[in-house]
Every structure is written in structure tokens, then in C-alpha cells.
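All remarks here apply to the structure that follows.
A, B, ... follow the sequence lines: proteins, then strands. Residue 1 opens every chain.
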Amino acid sequence: MPELPEVEVIRQGLIPHVVGRQIVAVACSSKKLRLAIPQKDLGRWLKGGRITAIQRRGKYLIFLLESGAAMIVHLGMTGRLGIFPATAPPALHDHVVFSLPEGMQLRYNDIRRFGLIRVLSPDQYREHDPFRDMGCEPLEQEFTGVYLKKMAAGRLQPVKNFLMDNQVVAGIGNIYANEILFHAGILPATPIGSLTLARWEKVAEKTREVLLRAIACGGSSISDFVNSSGQKGYFQLELMVYGRAGEACRQCAATIGRQVIGGRSTFFCPNCQK
DNA sequence: AGGAGCACCTGAGTGC
DNA sequence: TGCACTCAGGTGCTCC
Ligand SMILES: [Zn+2]
């Protein structure tokens, strides 16, 4: 489900319900996500704490607490965060429930349990940047064609793998890597060593455009993505290549191709992308 | 360095 | 109705 746009949509949707509120209680299931849910630390640092901000880094959400502690959440493939009245019936695969004032709850649900929840104490959060190895944020000023060309120097991999490398750019997953390369007019298998600065500038520009447009659309709801209020996004209506193998290109009517690159389904227009 | 293959999970879809 | 198989928005491991 969630790449950068979906995570950002969730962040924005949660802010009015969660920031400034105190967490009255925390309840978790005993099933493990990618790692075990840190039940003890949730009790120690989240329960009774007040959330002062929700930040995003790549596909990670960071909940900051008044105490200086932090909770880091990654949604994996099927993770959801939603706001519900405490009276709403629990859903299958709800794994953590944060009770808020006025009978509301923040619930973490994850069918496949590829998600991740980490709690950092104030000392840990202050002394250790958990994102120090992560690449730059594609919506920040530092993300430019020059940055991409510099990071690509000496590497040979396909441009799609490079864009999905979170140590290069944070937050781009399979859907958006495919879409960005379509709009940039570059075939996904192109080795990065051969790209000129002008083409890298195009990649940077289209990355920003695609991600911002997807956020404005409320994300892509391919099968089950919903925002924190349970509503679907509609960027899937604007997808040019992702999931469209065998269909006609929406720009030139050529047949959209599919190949596996880096173990992931890759879609492209053989005519619009060179 | 980075590719291939696999692992972690559940569920939807397809073909027989 | 069941079974076998493929695929899915992510990450991280081992082996070459
Ligand atoms: Zn085309």
C-alpha cells in the first residue's frame, strides 16, 4: 500500500485528531510484525504521554512525545493507521490500539504484518538518528538532478532500482518509480551510468510533480489503501503504466510492456520511454 | 557493488 | 467446493 504519498496523506489526516492529545491507554496484540511490537516501551513512553508532532521521513512516520520520546511507524505493505470511535467494532488484524480522550482511538491494522513499530526513549532519540543512512527527501530543496548524478557516479544498476533505493531517495516504491520514469521518458532498465545531467534534472522534476500530485489526490488506492478517516485516494485513476501491462498507452496508444527488474513488476511504454 | 533468491505474512484471483 | 499456484504498495538477509 503505502509509499511516500500515502504515508504523507495519513500523516496529514492524523494531525488534527492526535497532535496535542494525550494517550490514555495502549493495547497490543501478541503477534509480531516485522519485529515484535515493543509492548513494554509503548506502556512506558506512549501511555500517558502527549503527542506534540507527527513527522515523516521517507515511508516512516515519527510520533514525537512531550517527554522527548518518539514512536516510529512503518506501514509495510498493508499497514493502516485510522481514527475510530472506541465503540466501533475491532477489525481483523488490528494490532495496536491507542485510546485518546473523548472516546476516540488510533488503531494500527496490518494484514500481512510487514510493518514496524519502534519506540525510542528520549535519550535514544536525542543521541541516535535512526534515519542517518537514509537518502534525501524528494520534496526538499536538496533533491536535484545534480544530487542524483552525484549519487549515481560509479554505479551501473538500472535507473528504476536506483530510484527505489531508500539510501538514495527516501520514500519511492514500486508504483511511483514506474510512474516517475514514464513521465521522465526513461526506460526503467536504463543503466544509470549513461544518463546525462539533463535527464537527471528531468527525473528530479517529474519525481516532485508525481509525488505532489499523488498527495493532492489522497494517494493511490490500488486494492485497499485508505486514509486515516477510511477514505480512498484516487491517484490510481491517473496511473500511466503501473498495473497496465497489455493495455494501450494513455499518451500514444502503444502497448504497455512488463518486465521484472530487481524482483519487482516493472511497467513501461516502449514508445514514450527511451 | 549489487543482483538473484528467499524470507517474513495474508488474501485475492485464476485455472483445473 | 477444493486445491495449487501466482501475485501484491516493503525490507532485509545470505550467497555469489
Ligand atoms: Zn506511450
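In this structure, A:I175 atom CD1 and C:dA8 atom P are separated by 11 Å, rounded to whole Å.
Distances from the side chain of A:Q157 to the nucleotides C:dT11, B:dG2, B:dT10 place B:dG2 closest. For A:Y242, counting side-chain heavy atoms from C-beta on, the closest listed nucleotide (C:dG12, C:dA8, B:dG3) is C:dA8. Listed candidates were B:dC9, B:dG11, C:dG12. Nearest to the side chain of A:R112 is B:dC9. Proximity note for A:R155 (side chain, C-beta onward) versus B:dG2, B:dG11, C:dT11: the nearest is B:dG2.
Looking at A:R56 and A:E137, a side-chain N of the basic residue comes within less than 4.0 Å of a carboxylate O on the acidic one, giving a salt bridge. Using a 4.0 Å cut-off between charged nitrogen and carboxylate oxygen, A:E205 and A:K202 do not count as a salt-bridge pair. Looking at A:R44 and A:D41, no side-chain N of the basic residue comes within less than 4.0 Å of a carboxylate O on the acidic one, giving no salt bridge. Ion pair A:R57/A:D129 not flagged as a salt bridge, since none of the NZ, NE, NH1 or NH2 atoms sits closer than 4.0 Å to an Asp/Glu carboxylate oxygen.
Both key distances under 3.5 Å define a Watson-Crick or G-U pair, and stretches of 3 or more such consecutive pairs in DNA chain B run B:2-8 with C:10-16, B:10-16 with C:2-8.
Counting any heavy atom pair closer than 4.0 Å across all strands shown, A:L239 reaches no nucleic acid atom.
Contact record, A:N166 with A:G171: OD1-N, 2.8 Å, taken as the closest heavy-atom pair.
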